[in-house]
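Have a look at the structure below before the remarks.
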Amino acid sequence: MLTDVADAGSRAVSLAFPKQRYRLHAMVTSAGYDQRRHDPHRPYDWNGLRRGDAPFVLLQHTLSGRGRLRHGRSMHEVLPGQTMLLSFPHDHRYWLAPGDGWEFFWICLNGSEVLRLWRQLLEAGPLVRLGAAGIDRMAAYCRAVLDGEVTSPARSSQMAYSIAMHLADELLAWGEVRTSSKRPAAIERAVSLVHGAAGAPVDVGRMAEASGYSRYHFSRLFSAVEGVPPARYRLRVRMEEAARRLQTEPDPIKIIAQRCGFADANYFTKLFRRYYGMTPRDFRRSGMFAGSLSTQGVR
DNA sequence: TTGTCACTTAAAGCACATTG
DNA sequence: CAATGTGCTTTAAGTGACAA
């Protein structure tokens, strides 16, 4: 199965389905296989904060060679047999160092359920080792996308759930109830402030105040803990709030904008389009949601 | 480790035009 | 007439360098 993928050569397939009438909370968006050598003229170098605002996740499994990963402040070598799990946007970078080669396959997913699960999976670390059966299964999914077998949104969603649930089964202790947050209390206070009032004007100054640190130091601390700066985190919460309201509340878009803390509907539309790739009206009409609907998705 | 300054960059807001 | 697009200005946020 692994060799099947390897035989595919350097390939990538993106799945783009027409707008749906139904909400899907897990989708496979693309998959591929690649075999890269370090090349200064064609660098392989991805920054987790520079891949757009729309949230998604990545599974990338190393077949041979070696890649480098910086995840927050920690550095890793990504070796054969290791699977890299990442979410975006987030403060990380993965790349090929001089002299290195990297053979891998990857799968990108999005949707609220996937994002929610990935947050838990990441507690196992950005690098994990799956059993041979699990790797074979992931390779088969990748292969199916490359071979054009994923021909409908339902199939894509079915596959996304299978991937997420398999990883959960293998990496998470389901019976264990987690009650404590890994966040320092100061950051937790700022985060609750944002989630407590998406529509209220909670600026970074107030978040810093709640944390007890100066604005400057708070900004650095928050980025280190959450992977994104405070304003960007707050924006994400508000955009998810907007998406949820657009689907569940019949009011005019400018009213929805105000409820999410945007005084200016023009600006709201501009931002919404950048975040979700379509205007609020199209989003509402389509009924499809490709990102995260719940604010829990980012916590 | 935390705070401050100086600076750059990005977000937010405003006015007006266009679209459907 | 609501929603969206465009171009501009103002304001807020992020960050490197450095001090305590």
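If you're wondering where the values come from, they're calculated on a predicted model, not measured in any experiment. The figures here come from the full heavy-atom set of this structure, side chains too, leaving out hydrogens, waters and symmetry mates. A note on names: the letters A, B, ... follow the listed sequences, proteins ahead of strands, and every chain is numbered from 1.
Atom-to-atom, CD1 of A:Ile255 to C1' of C:dC1 comes out at 14 Å; the value is rounded to the nearest Å. In this entry the distance linking CE of A:Met207 with P of C:dA13 reads 10 Å, nearest Å. Rounded to whole Å, the distance from OH on A:Tyr213 to C1' on B:dT1 is 9 Å. Between A:Tyr216 atom OH and C:dA17 atom C1' the separation is 14 Å, expressed in whole Å. Residue A:Asp264 contributes atom CG, which lies 13 Å from atom P of C:dA3 at whole-angstrom precision. Distance A:Arg236 CZ to C:dA13 C1': 17 Å, rounded to the nearest Å. Regarding A:Arg284, its CZ atom lies at a distance of 12 Å from the C1' atom of C:dA2, rounded to whole Å. Summarising the geometry, the separation between CZ on A:Phe222 and P on B:dT2 is reported as 16 Å, rounded to the nearest angstrom.
In the interface, the side chain of A:Arg220 is paired with the base of C:dG16 through a donor and an acceptor atom under 3.5 Å apart.
Comparing atom distances between the A:Arg281 side chain and each of B:dC14, C:dG14, C:dT4 picks out C:dT4 as nearest. Each of C:dT4, C:dC8, B:dG3 was ranked by its minimum atom distance to the side chain of A:Pro280; first place goes to C:dT4. Comparing B:dA12, C:dA3, C:dT4 by their closest approach to the side chain of A:Lys254 singles out C:dA3. For A:Thr279, counting side-chain heavy atoms from C-beta on, the closest listed nucleotide (C:dG5, C:dT15, C:dG14) is C:dG5. Taking only side-chain atoms of A:Arg234, from C-beta outward, the nucleotide of C:dG14, B:dA12, B:dC16 with the closest atom is B:dA12. Relative to the side chain of A:His217, the nucleotides B:dG13, B:dT2, C:dA13 differ in distance, and B:dT2 lies closest.
Within the 4.0 angstrom heavy-atom criterion, only backbone atoms of the sugar-phosphate kind lie near A:Asp203; the bases stay farther away. If you check every strand for non-hydrogen atoms under 4.0 Å, A:Leu221 touches nothing.
Two residues, A:Phe218 and A:Arg215, neighbour DNA chain B, and the one matched to the more 5' nucleotide by heavy-atom proximity is A:Phe218. Of the residues near DNA chain C, A:Pro252 and A:Tyr267, the one whose nearest nucleotide (by heavy atom distance) lies more toward the 5' end is A:Pro252.
For the OP1/OP2 pair of C:dG14 and a distance below 4.0 Å, the side-chain nitrogens and oxygens of A:Ser219 include at least one atom meeting the criterion. Contact annotation: A:Arg238 side-chain N/O to B:dA12 OP1/OP2 distance is under 4.0 Å. Distances shown here put a side-chain N or O of A:Arg274 below 4.0 Å from the OP1 or OP2 atom of B:dA11. Applying the 4.0 Å criterion to OP1 and OP2 of B:dA10, one finds that A:Arg50 has every side-chain N and O outside that range. Within the structure, a side-chain polar atom (N or O) of A:Arg273 is placed less than 4.0 Å from OP1 or OP2 of C:dG5.
In this structure, the side chains of A:Val114 and A:His25 stay at 4.5 Å or more apart for every pair of heavy atoms.
A cation-pi arrangement is present between A:Arg238 and A:Phe262 under the rule of less than 6.0 angstrom and at most 45 degrees off the ring axis.
The ring pair (Phe, Tyr, Trp, His ring centres under 6.0 Å) test with A:Tyr276 singles out one residue from A:Phe56, A:Phe283, A:Phe268, and that residue is A:Phe283.
Remark: A:Asp136 does not engage A:Arg143 in a salt bridge, criterion side-chain N to carboxylate O under 4.0 Å. The pair A:Arg234-A:Asp203 does not meet the salt-bridge criterion, since no charged nitrogen lies less than 4.0 angstrom from a carboxylate oxygen.
Relative orientation of the A:Tyr44 and A:Phe104 rings is tilted, given thresholds of 30° and 60° on the angle between their planes.
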